[in-house]
Each structure stands twice: as C-alpha cells, then as structure tokens.
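First up is the structure itself, then whatever we jot down about it.
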Amino acid sequence: MAASGPIALFDSGEGGLTVLRQLAVNFPGEQFLYAADSAHFPYGEKTLDQVRAWFLRFLDFFERQHARAVVIACNTATAAALDEAQRLASVPVLGVVTPAAERAAAVTRNGRIAVLSTEATYRSGLYPAQLRTINPDLAIVAKPCPILVVMAENGQVAGKDVEDEVRQCVLPILDTGVDTVILGCTHFPHMRQVFNRVVASRARIVDPGEEIARRLSHVASPATKATPQVEAWTTGDPDRFSEIAHRLCPDLPISTRALRWKQGSLEMLRQSSLDTTPD
Ligand code: DGL
C-alpha cells in the first residue's frame, strides 16, 4: 500500500460517519475513504463470523485503494475482526473499542460503567473483557439497543420517538448507579443531543469517535486544505446513502459511489456516482 493514500473508515452503514465527523474536525486537510456495507445492515443481528468475513473483503478493497490507515468505525466489526485485520494488513488498523474502554476506565469515579451496543457486540463480550483487563474491579452493565441502530441508519436521530427509545434503553441502566455510559455503537452519537438530555446530568458519555480522533495524529497528514475530501462507497443504494449522510452530516462534502457484492467479492460500479457536496 502507498503511504500517501487516504485514511479509510468502515461501518455497516451511516454509523461510522460519527467517527468521520470527529476525524474531519481534527484533520481538516485529510483525504478520507468511507465504506459502508449497507447491503448487510444491520451487522448487530449477524454472527461475528459473518461480519469478520465481510469486513476482510473491505480490507482488501482498502488496500487496492492505497489506504494508508484503516479505522474500523464500527464496534461490531471491531469485535469481530480487529485482531485478524491487524495481523493481515500492512498499514495501521484501529478499532473503536479499546480507545473507548480506556477512556471510560479513566473517567469513571465510582467504577460503574454502562456499555450500549448492538446485539453482536454484546454477544462478543469484548467491552467487558477490555474494561476488566484495564481494571478488574470495574462493574459493567452491558445492554444491546438495536432499535436505536435502525432509527439512526434511517436518519431518525431526534424527536419524541427517539427520545422515548433512548429513555427506555438508558434509564434502567442509570438506576443501577453507573456514572459513565459508553456509546458502544457508532450509530448512537448521531443521537448525541438526545443522549445529552437524558444522560448527561447523571453520567459521563464516552463517544468512541472522539477517542479515535485523539489517537490518529500519528498517521494524519498536516492540514493543507480547508475542507476534507470524502469519497464514500456503499454496497447499498448510493442515492439513499448520500441523502441520509448529507442530512446527518451536512458539513461534510461526501460523494458516494456503489460497490456490489458478487460471489463473495466486492466490485466497484463506476457509473452510479452522486455528489452530495452541499450547495
Ligand atoms: N455501527 C455499528 C457498530 O458500531 C453497527 C450497527 C449495525 O449494523 O448493527 O456496532
């Protein structure tokens, strides 16, 4: 892989944009490549073996695009594939789980931490394992919140229904006395304002995207342009992906193209290109 290529980010859909947004703020001169396996969304319902197999095909794709670092901007794919990806790749591969776990362990005062995630991340047990490696005395409450994942993917990130769902997911956990809540699915920070309203007076919120942005400085290039360049690829419908991406992140100039799964491999479709750069 060439060392001058873009920084690649991966998610099952729109969730990794919350990580991209943080990176774009910290590294405005950067070129980003964002890939979404929207055809297989939601990853949270799949097995870790399925997710690992899919993600490794994206790792090949990133290598072909000369990415110089890969951020797995998806907790589920991090849980499924980080170790193998780091073993296989010739460039740095970062996952979102360890930075978030380390941050949560550092900021908790009473040692009680909640992890909200997808079903698959919950099943993997990775967050509790990482947190206990950092500090065996931590008490951890983990909970899958799959409905919030689907809402965010559809661009529904505010309003009464979202707030009701966040309350239903989080209030029983807050009642257990946790003082720190990890948003352990990258779709959730799209609802950050709602989480702030429901959680912030009772617990600290840890967003993996913020932690990754802090750690990526060693691979980022100096700021040379005013705005980052983002090329996005989706295995779903590029028009729909773009429309929601633009709604969720209106400040990011994203152009989206189509990837297709064909006999277990990823194929780039050149013709379906749509520019969502804001006017
Ligand atoms: N955004 C992803 C995560 O952080 C996955 C959501 C899904 O596809 O279920 O886990």
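Just so you know, ligand 1 is whichever comes first in the structure, and atom 1 is the first atom listed for that ligand.
- Protein heavy atom at the shortest distance from atom 7 (C) of ligand 1 is Tyr43 N, 3.3 Å.
- Within the listing of ligand 1, atoms 3 (C), 5 (C), 10 (O) sit less than 4.0 angstrom from a heavy atom of Thr76.
- With a 4.0 Å cut-off on non-hydrogen atoms, Asp11 touches ligand 1 through its side chain and not its backbone.
- Residue contacts with ligand 1 include Cys74, since one of its heavy atoms falls under 4.0 Å from the ligand.
- Residue Gly44 approaches ligand 1 through these ligand atoms, each under 4.0 Å from one of its heavy atoms: 7 (C), 8 (O), 9 (O).
- Ligand 1 places these atoms under 4.0 Å from at least one heavy atom of Phe41: 7 (C), 8 (O).
- At a threshold of 4.0 Å, the pair Glu119-Lys46 does not count as salt-bridged, since none of the basic side-chain nitrogens sits closer than that to a carboxylate oxygen.
- Cysteines Cys169 and Cys145 are disulfide-linked, with SG atoms closer than 2.5 angstrom.
- When non-hydrogen atoms are compared, ligand 1 lies under 4.0 Å from the backbone of Pro42 as well as from its side chain.
- No salt bridge links Glu243 with Arg240; every basic N to acidic carboxylate O contact stays at or beyond 4.0 Å.
- Under the 4.0 Å criterion applied to side-chain N and carboxylate O atoms, Arg87 and Glu84 are assigned as salt-bridge partners.
- With hydrogens and angles left out, the side-chain atoms of Thr235 and Asp37 include a donor and acceptor closer than 3.5 Å.
- Nearest protein heavy-atom neighbour of atom 5 (C) of ligand 1: Ser12 OG, 3.5 Å.
- Close approach of ligand 1 to Val149 is summarised as follows: ligand atoms under 4.0 Å from at least one heavy atom of the residue are 6 (C), 7 (C), 9 (O).
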CA sep, side-chain torsions, deciding dist, call: Val178, Asn110, side-chain contact (heavy atoms from CB on, under 4.5 Å) = CA-CA 8 Å; Val178 301; Asn110 69 3; 6.0 Å; no

ask   = Does the pair Glu63 and Val70 meet the rule for a side-chain contact (heavy atoms from CB on, under 4.5 Å), with working shown?
value = CA-CA 9 Å; Glu63 296 204 83; Val70 174; over 6 Å; no

key: CA sep, side-chain torsions, deciding dist, call: Phe241, Glu14, side-chain contact (heavy atoms from CB on, under 4.5 Å)   = CA-CA 7 Å; Phe241 180 88; Glu14 310 274 353; 3.3 Å; yes

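- For Thr118, every heavy-atom contact with ligand 1 shorter than 4.0 Å involves the side chain, none the backbone.
- Looking at atom 3 (C) of ligand 1, its nearest protein heavy atom turns out to be Asn75 N, 3.3 Å.
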